[in-house]
Amino acid sequence: MTDSPLLDLKSRQRCDSGGLESSDGGDELPVPQHICISHITCDSFKIGWDLEGIGRDRITHYFIDLNKKENAGSNKFKHKDVPTKLVAKAVRLPMTVRGHWFLSPRTQYTLSVQTAAKRSDGDYTVSKWSDSVEFGTADYSSAHLGQLLQKAEALAGRMLPFTVFYRNQQKEYFEEKGPVFCSRDAACGRMLPCVKDDSGSHGSPISGKLEGIFFSCNTEFNTGKPPQDSPYGPYRFQIQADHLFNHNTNLYFGDFYCMYTSYHYVLLVLAPEGSKGDLFCKERLPVLDRSSNPFLSSTKTEDGSLHFQHAQDVILEVIFTEPVDLASGIVTQISGHQVISLSTTNAKKDPSCKVCNISVGR
C-alpha cells in the first residue's frame, strides 16, 4: 500500500472475529458505496468509493478484504494467523494498493471494504461490508519484462554456432493423410501457428494470446548438432536457419523461467516484419538486435551468407509467428529417447527461484 496508506501489522493481528464490533445505533459508520477500481497493473491498483450518511468524521481505518476469485468463499477476519485482509489508515481517496499484497498478474480477484473507527482500548468498531466487486490484474508491463530480460542476459553464457531450427513431433503429425492437428494443415503440407499455452511466467503478455510455431535451435556442445533426445516426439522437422531468421525478421524477448530444475529457459519470438505477430509483439515485448544480443544472433559474413549463434547456458524456445511449409525443410527420425520430463507444455514457473523471478507476482 502506498500514497500514505500504511499496513498496520499489530492491528491486523487483532482483527479476528473476537476483536471487532459491528456498529449500530448512534455509533453507526457509513458503508462504502460504488467502489471504483482503476489504474490496474500486474501488481497494483487504485481504489476509491463513496461514503454517505453520518459518522464519516469518526473513520480512522479502512479494512479491505481481497481474495482470489477461486477463493471467494473465504471467511472475513476469521483466520488471524492467515491475514488476507489489509488494515489501512484512512486517507484521501482514491488510494493505491501495492506491495504488501503480493498481487499476482493475470489473476481474477474479489474485493469488499468496510470502514472502521479505532477505539481507546485498541480494538475497532466497524461498518458492514460493502458489496463485493470483481477485477483482474494485468500482464507484465514493459518495465517488468525489462527486469526479466536483464536476469536472462546475466545467465546466457557464451554463444555457440548453429545452422538449423528444428521441431519434434509424433510421426502422425507429419503424414499427409494423418490426423489434422490444431497446428498442422495436412492437406496443404503446412505447419500452422497455434495459440501459445500457459507455460512460463504467469505474467507473460503472450501466453494464451500470441499465435506461433515452436522451434528449437540448441546444439550439443561436443557435436555442434541438435540433441538426439526430445520430449515431443521421435520425428524431427529441420529447416535452414535463414528461412526463419533473416533481415526481414524481427526478434523479441518473450520470457525467462525454470520448472523446479537447474535448467533455465529463454523464450524468443521471430516475427516477419509487418506480420500479425510482429504487430502484436511491437506493443508488448522488448525488441532485440538481430546481430548483437546474448541469446540468438544472425550476422553477415564476408561472402554475404548469414552466421547464426545461440546461447550456451540456457535452453532457447523460439516461436515463429507464420505458417511454415514442410517442403521448405526435411523430416527425419531421431535415434534418442523421448524425455517427457523436459516438456514445457503448460509448465509452471518455480516462484521461489532467485535466478529467474522479479519483484512482482510470479
Evaluate the salt bridge (charged side-chain N to carboxylate O under 4.0 Å, His left out) criterion for residues K209 and D139: first the C-alpha distance (whole Å), next the side-chain angles of each, then the deciding distance (0.1 Å), finally the verdict.
CA-CA 11 Å; K209 297 178 181 178; D139 300 335; 2.8 Å; yes
How close do I334 and G233 get, heavy atom to heavy atom, and via which atoms?
CD1-O, 3.9 Å
Could you report the tightest heavy-atom contact between S352 and N357, atom names first, then the distance?
N-ND2, 3.9 Å
In terms of the angle between their ring planes, are F245 and F308 parallel, tilted or perpendicular, with boundaries placed at 30° and 60°?
tilted
Are any side-chain N or O atoms of R106 and backbone N or O atoms of S204, one a donor and one an acceptor, separated by less than 3.5 Å?
yes
If we ignore hydrogens and angles and just use 3.5 Å, is the side chain of R167 paired with the main-chain N or O of F214 as donor and acceptor?
yes
Y109 (side chain) donor-acceptor with V133 (main chain) under 3.5 angstrom:
no
Answer yes if M159 and L268 sit in the same cluster of Ile, Leu, Val, Met, Phe, Trp and Tyr residues linked by side chain heavy atoms under 4.5 Å apart, and no otherwise.
no
Would you check if F280 and T321 make a side-chain contact, meaning some heavy-atom pair closer than 4.5 Å?
no
Give the intermediate values and the outcome of side chain to side chain contact (heavy atoms under 4.5 Å, CB included) for residues T219 and H310.
CA-CA 8 Å; T219 58; H310 70 83; 2.8 Å; yes
Cluster link F295 to L306, ILVMFWY, side chain under 4.5 Å:
yes
Counting only N and O atoms by type, is there a donor-acceptor contact under 3.5 Å from the side chain of T107 to the main-chain atoms of P105?
yes
Quick check against the 3.5 Å criterion: does S130 have a side-chain atom that pairs as donor or acceptor with the backbone of V113?
yes
Does K282 reach the side chain of N250, with side-chain heavy atoms less than 4.5 Å apart?
yes
Kindly indicate whether the side chain of C217, heavy atoms from C-beta on, has any atom under 4.5 Å from the side chain of L296.
yes
Is F215 close to M191 at the side-chain level, that is, under 4.5 Å between some pair of heavy atoms?
yes
Is the distance between the ring centroids of F63 and Y124 under 6.0 Å?
yes
Hey, are S207 and K196 close enough side-chain-wise for a donor-acceptor pair under 3.5 Å?
yes
Write down the atom of A156, the atom of A311, and the distance for their closest heavy-atom approach.
O-CB, 3.5 Å
L251 CG to D289 CG distance, which is reported to the nearest 0.5 Å:
9.0 Å
If we ignore angles and hydrogens, is there a donor and acceptor under 3.5 Å between the side chains of T96 and H39?
no
Would you mind reporting whether S141 and T41 have side-chain heavy atoms less than 4.5 Å apart?
no
Taking V314's backbone N and O only, do any of them form a donor-acceptor pair with H264's side chain (distance below 3.5 Å, no angle check)?
no
Determine whether L103 and F45 make a side-chain contact, defined as any pair of heavy atoms from C-beta on separated by less than 4.5 Å.
yes
Euclidean distance, L279 CG relative to R284 CZ, rounded to 0.5 Å:
10.0 Å
Can you tell me how far CG of L270 sits from CZ of R290, rounded to the nearest 0.5 angstrom?
10.0 Å
Would a 4.5 Å heavy-atom cut-off, applied to side chains only, mark Q169 and F237 as touching?
no
Ignoring hydrogens, what is the shortest heavy-atom contact between R236 and P226? Give both atom names and the distance.
NH1-CB, 3.5 Å
Evaluation steps, side chain to side chain contact (heavy atoms under 4.5 Å, CB included), between I35 and D131
CA-CA 8 Å; I35 294 175; D131 291 337; over 6 Å; no
Measure across N168 and P234 and return the closest heavy-atom pair with its distance rounded to 0.1 Å.
ND2-C, 4.4 Å
Show, in sequence, the C-alpha distance, side-chain angles and deciding distance for I47 and M95, and conclude whether the side chain to side chain contact (heavy atoms under 4.5 Å, CB included) test is met.
CA-CA 6 Å; I47 184 171; M95 60 184 179; 4.0 Å; yes
Is the Y265 ring parallel, tilted or perpendicular to the Y257 ring (thresholds 30°, 60°)?
parallel
Evaluate the side chain to side chain contact (heavy atoms under 4.5 Å, CB included) criterion for residues S201 and Y140: first the C-alpha distance (whole Å), next the side-chain angles of each, then the deciding distance (0.1 Å), finally the verdict.
CA-CA 9 Å; S201 299; Y140 282 161; 3.8 Å; yes
Tell me whether N293 contacts the main-chain N or O of E153 through its side chain, where contact means a donor paired with an acceptor under 3.5 Å.
no
Expected output: side-chain S275 to main-chain P272 donor-acceptor under 3.5 Å:
yes
Between K171 and Q333, is there a donor-acceptor pair closer than 3.5 Å when you use the side chain of the first and the backbone of the second?
no
For T115 and S127, test the side chains for any donor-to-acceptor distance below 3.5 angstrom and give the result as yes or no.
yes
Could you give the distance from OG (S132) to NZ (K69), rounded to the nearest 0.5 Å?
9.5 Å
Taking atom types as modelled and ignoring hydrogens, do the side chains of D303 and S305 form a donor-acceptor contact shorter than 3.5 angstrom?
yes
I54 side chain near P30 side chain, heavy-atom distance below 4.5 Å:
no
Approximate separation, where rounding is to 0.5 Å, of H34 NE2 and W49 CH2:
14.5 Å
Would a hydrophobic clustering, with Ile, Leu, Val, Met, Phe, Trp and Tyr connected at side-chain separations under 4.5 Å, put L192 with Y166?
no
Quick one: does T299's side chain have a donor or acceptor within less than 3.5 Å of a partner on S291's backbone?
no
Find out if a path of hydrophobic residues (ILVMFWY) with successive side-chain heavy-atom gaps under 4.5 Å connects L145 to V355.
yes
Which value, rounded to the nearest 0.5 Å, describes the distance between L149 atom CG and D255 atom CG?
11.5 Å
Tell me the closest heavy-atom pair linking K68 and S104, and the distance in Å.
NZ-OG, 4.0 Å
Cluster link I239 to F320, ILVMFWY, side chain under 4.5 Å:
yes
